[in-house]
Amino acid sequence: MKITSTSCICPVLVCLCFVQRCYGTAHHSSVKVTRNQTKHIEGETEVHHRPKRGWVWNQFFVLEEHMGPDPQYVGKLHSNSDKGDGSVKYILTGEGAGTIFIIDDTTGDIHSTKSLDREQKTHYVLHAQAIDRRTNKPLEPESEFIIKVQDINDNAPKFTDGPYIVTVPEMSDMGTSVLQVTATDADDPTYGNSARVVYSILQGQPYFSVDPKTGVIRTALHNMDREAREHYSVVIQAKDMAGQVGGLSGSTTVNITLTDVNDNPPRFPQKHYQLYVPESAQVGSAVGKIKANDADTGSNADMTYSIINGDGIGIFTISTDKETREGILFLKKPLNYEKKKSYTLNIEGANTHLDFRFSHLGPFKDATMLKIIVGDVNEPPLFSMPSYIMEVYENAKVGTVVGTVLAQDPDSANSLVRYFIDYNDEDDRFFNIDANTGSIKTTKVLDREETPWYNITVAASENDNPGLLSHVTVGIKILDVNDNPPELAREYDIVVCENSKPGQVIHTISATDKDDFANGPRFNFFLDEHLSINPNFTLRDNEAAAAPSPSGFVHARETGACGPAMPKRSCPRLV
């Protein structure tokens, strides 16, 4: 560094430049600077013409963390006007003057009285002045100078963000970047190697490595398999002094987890399974489960199941439980042990999310054979029809056979069946059934006009297992017989005017019959011969009247409108 005359106007500043060039030396030898030269670190001398300066000092730094019993010597102030007779008084002011730094006002020697920490304060700005003790007048203008705190390696590197938790996909290529860690060192990075950090791996080899300069952690092996090992604890050390012996160090832990990729196909633990399903299983119900194992996790282990062939492909169906990743087998059609005792299914489990990078490890599906054994169940008797319709005439004698129901044991044992009518306690019992033959008979005389239909429930049970029942509905229709006479629809009160013409229809009467239509109309109307006949009126059938509402017309006879017994002004009334 060359110092020109323009950069050294102030003598103190010239010396400060010199000290900066000497920063880092570890000696306290005296430095004498004459009028027109400045000494440099490499001993070079360059002459400059400049004004006479009055201050000379030989040191402008102080070591941090000084722990000696005596104050640390910092440097010396000296004026060219000082003849050594004690007439010059040196004054020190500025940061730390009088507390941290003290000066011998006669010799100009400066000492530090306290241990300093560069990481808290790197330098102090002070002012120096020399005055005449007798006149108390300045001998030199006040000058500013800086005392720098020289760094020592008293701070170890620190990882401020650790410990770290990171992930990297399994099967990653060797050299894949995982994480960059950074350690900080509070020492002076511009001085020596106190803050020059080198990274190394203390734990985690041979799986991972770290770049000594950048702190980038990388995978160090090919095809690291999560299914073999998932978690790694890697310890990284940062050491200052460029890693040399005696340097300070700090460490951190990096917890690395291998994340899953779909590199494992599903596999059934067995190639043959057997499942028992009773023939009484309900259609639509789940009858069993099957599961293929997949060493992967998450969506990489998702799979779907399907029946690819087998003689039970139309009888059973399979679905996938997304939570448990199981295949749930459902019954699609009823089972019958007596007709078919076993079925065979070929079931496939296949991954739904494929990673084509690992297709060479496939195929990502597997198949197994499932044999289903149909279990024989003691079933209730089976009626020959889902329901029965029977007929019987009303007024039939008690004990008349209405009809017969038939039920059989569907099992191979073919047990005998017994029948009974399932009555409620409050029901009137009009029928009974033969327990052995299933023949239904009347127990009372039936009236169709009172109850035209009866619905009863017949139960059947096996002799060997009375608690196992089946039921069937029997509808009994009561057939009509002509056992009811016709009746006038209502009582009639007929009024006729006295001036009605002969042959004029004065009223229509009708009749009803409680019997069925086949045994009811058509009716014949006539006047009762046992009663006295009024010659003024006649009655005849209305053959054109629509059945089943037959009617007759009442006609006035020609002899006159009014009878002799009736009041002359009143109209005759026929009842």
Side-chain angles (χ1 to χ4, degrees), residues 262 264-294 296 299-354 359 362-388 405-415 417 459-462 465 468-473:
N262 191 8
N264 290 278
R267 289 290 179 261
F268 285 101
Q270 300 172 211
K271 288 302 179 184
H272 296 86
Y273 290 89
Q274 186 167 296
L275 177 65
Y276 173 85
V277 180
E279 63 175 333
S280 59
Q282 297 295 313
V283 172
S285 64
V287 295
K289 298 179 181 179
I290 194 168
K291 184 176 184 180
N293 296 328
D294 194 317
D296 296 319
S299 62
N300 294 319
D302 288 345
M303 66 185 75
T304 183
Y305 296 89
S306 59
I307 301 174
I308 52 178
N309 55 51
D311 60 359
I313 196 168
I315 307 299
F316 300 90
T317 184
I318 194 168
S319 66
T320 304
D321 187 319
K322 300 300 183 182
E323 297 297 327
T324 64
R325 298 191 177 97
E326 294 176 315
I328 311 299
L329 198 67
F330 291 90
L331 184 62
K332 193 175 180 180
K333 293 183 179 180
L335 300 175
N336 191 327
Y337 172 82
E338 286 71 33
K339 292 184 178 180
K340 189 170 178 60
K341 296 177 173 57
S342 67
Y343 295 89
T344 299
L345 298 174
N346 288 316
I347 298 176
E348 180 182 84
N351 279 150
T352 55
H353 303 282
L354 301 181
S359 58
F364 284 79
K365 59 184 178 181
D366 195 22
T368 189
M369 187 181 75
L370 175 63
K371 184 177 182 180
I372 299 173
I373 304 300
V374 180
D376 187 20
V377 176
N378 191 7
E379 299 174 273
L382 181 64
F383 282 96
S384 61
M385 298 176 63
S387 63
Y388 294 85
V405 297
L406 176 63
Q408 291 181 329
D409 181 7
D411 300 315
S412 57
N414 196 20
S415 300
V417 175
S461 66
E462 298 177 13
N465 192 353
L468 198 60
L469 300 174
S470 58
H471 299 80
V472 70
T473 300

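Computed from heavy atoms alone, side chains included, the values below leave out hydrogens, waters and symmetry copies. Because the structure is a prediction, the values reported are computed rather than measured.
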Does Asn262 reach the side chain of Leu354, with side-chain heavy atoms less than 4.5 Å apart? yes
What closest approach, in Å, do Pro381 and Ser470 show between heavy atoms, and which atom pair accounts for it? O-OG, 2.6 Å
Residues passing the side-chain hydrogen bond (donor to acceptor under 3.5 Å, both in side chains) test with Tyr337, sequence neighbours excluded, are none
Could you give the distance from CG (Asn336) to CD (Glu279), rounded to the nearest 0.5 Å? 6.0 Å
Taking all heavy atoms of Gly288 and all of Leu275, pick out the closest pair and write down the distance. CA-CD2, 4.0 Å
In this structure, CG of Leu329 is separated from OG1 of Thr317 (nearest 0.5 Å) by 8.0 Å
If you draw a 6.0 Å radius around CD in Gln282, do more than 12 non-hydrogen atoms from other residues or ligands fall strictly inside? no
Which heavy atom of Glu462 sits nearest to which heavy atom of Asp411, and what is that distance? OE2-OD2, 4.0 Å
Pairwise distance OG1(Thr368) to CD(Glu348) - rounded to 0.5 angstrom: 11.5 Å
Could you state the interatomic distance from CD1 (Ile318) to CD1 (Ile347), rounded to the nearest 0.5 Å? 4.0 Å
Quick check: does any side chain N or O of Asp321 sit under 3.5 Å from a backbone N or O of Glu323, one acting as donor and the other as acceptor? yes
To the nearest 0.5 angstrom, please state how far the CZ atom of Arg325 sits from the OH atom of Tyr305. 9.5 Å
So do Leu469 and Pro380 actually touch side chain to side chain, heavy atoms under 4.5 Å? no
Kindly indicate, with the supporting measurements, whether the criterion side-chain contact (heavy atoms from CB on, under 4.5 Å) is fulfilled by Phe364 and Asp294. CA-CA 10 Å; Phe364 284 79; Asp294 194 317; over 6 Å; no
Is there side-chain contact between Val472 and Met385, with at least one heavy-atom pair below 4.5 Å? no
I'd like to know whether NZ of Lys371 has more than 12 heavy-atom contacts from other residues, nucleotides or ligands below 6.0 angstrom. no
Does either side chain, that of Asp296 or that of Asn264, offer a donor lying less than 3.5 Å from an acceptor on the other one? yes
Crowded around Glu379 CD? As in, over 12 foreign heavy atoms under 6.0 Å? yes
Evaluation steps, side-chain contact (heavy atoms from CB on, under 4.5 Å), between Thr320 and Asp302: CA-CA 10 Å; Thr320 304; Asp302 288 345; over 6 Å; no
Looking at Asp366 and Lys271, what are the two nearest heavy atoms and their distance? OD1-NZ, 2.9 Å
Side chains of Val374 and Val277: does their closest heavy-atom pair fall under 4.5 Å? no
State, to 0.1 Å, how close Ala286 and Ile328 come at their nearest heavy-atom pair, and which atoms those are. CB-CG2, 3.8 Å
Side chain to side chain, Phe316 and Leu370, heavy atoms closer than 4.5 Å: no
Can you tell me which residue pairs pass the salt bridge (charged side-chain N to carboxylate O under 4.0 Å, His left out) test with a partner in residues 326-346, sequence neighbours excluded? Lys289-Glu326, Asp311-Lys340
How many angstroms lie between OG in Ser306 and CG in Leu345, if you round to the nearest 0.5 Å? 11.5 Å
side-chain contact (heavy atoms from CB on, under 4.5 Å) assessment of Met369 paired with Thr344: CA-CA 7 Å; Met369 187 181 75; Thr344 299; 3.7 Å; yes
Ile290 and Gln270: side-chain contact (heavy atoms from CB on, under 4.5 Å), yes or no, with the steps? CA-CA 10 Å; Ile290 194 168; Gln270 300 172 211; over 6 Å; no
Specify the closest pair of heavy atoms between Lys365 and Pro265, including all atoms of both residues, with the distance to one decimal. N-CB, 4.5 Å
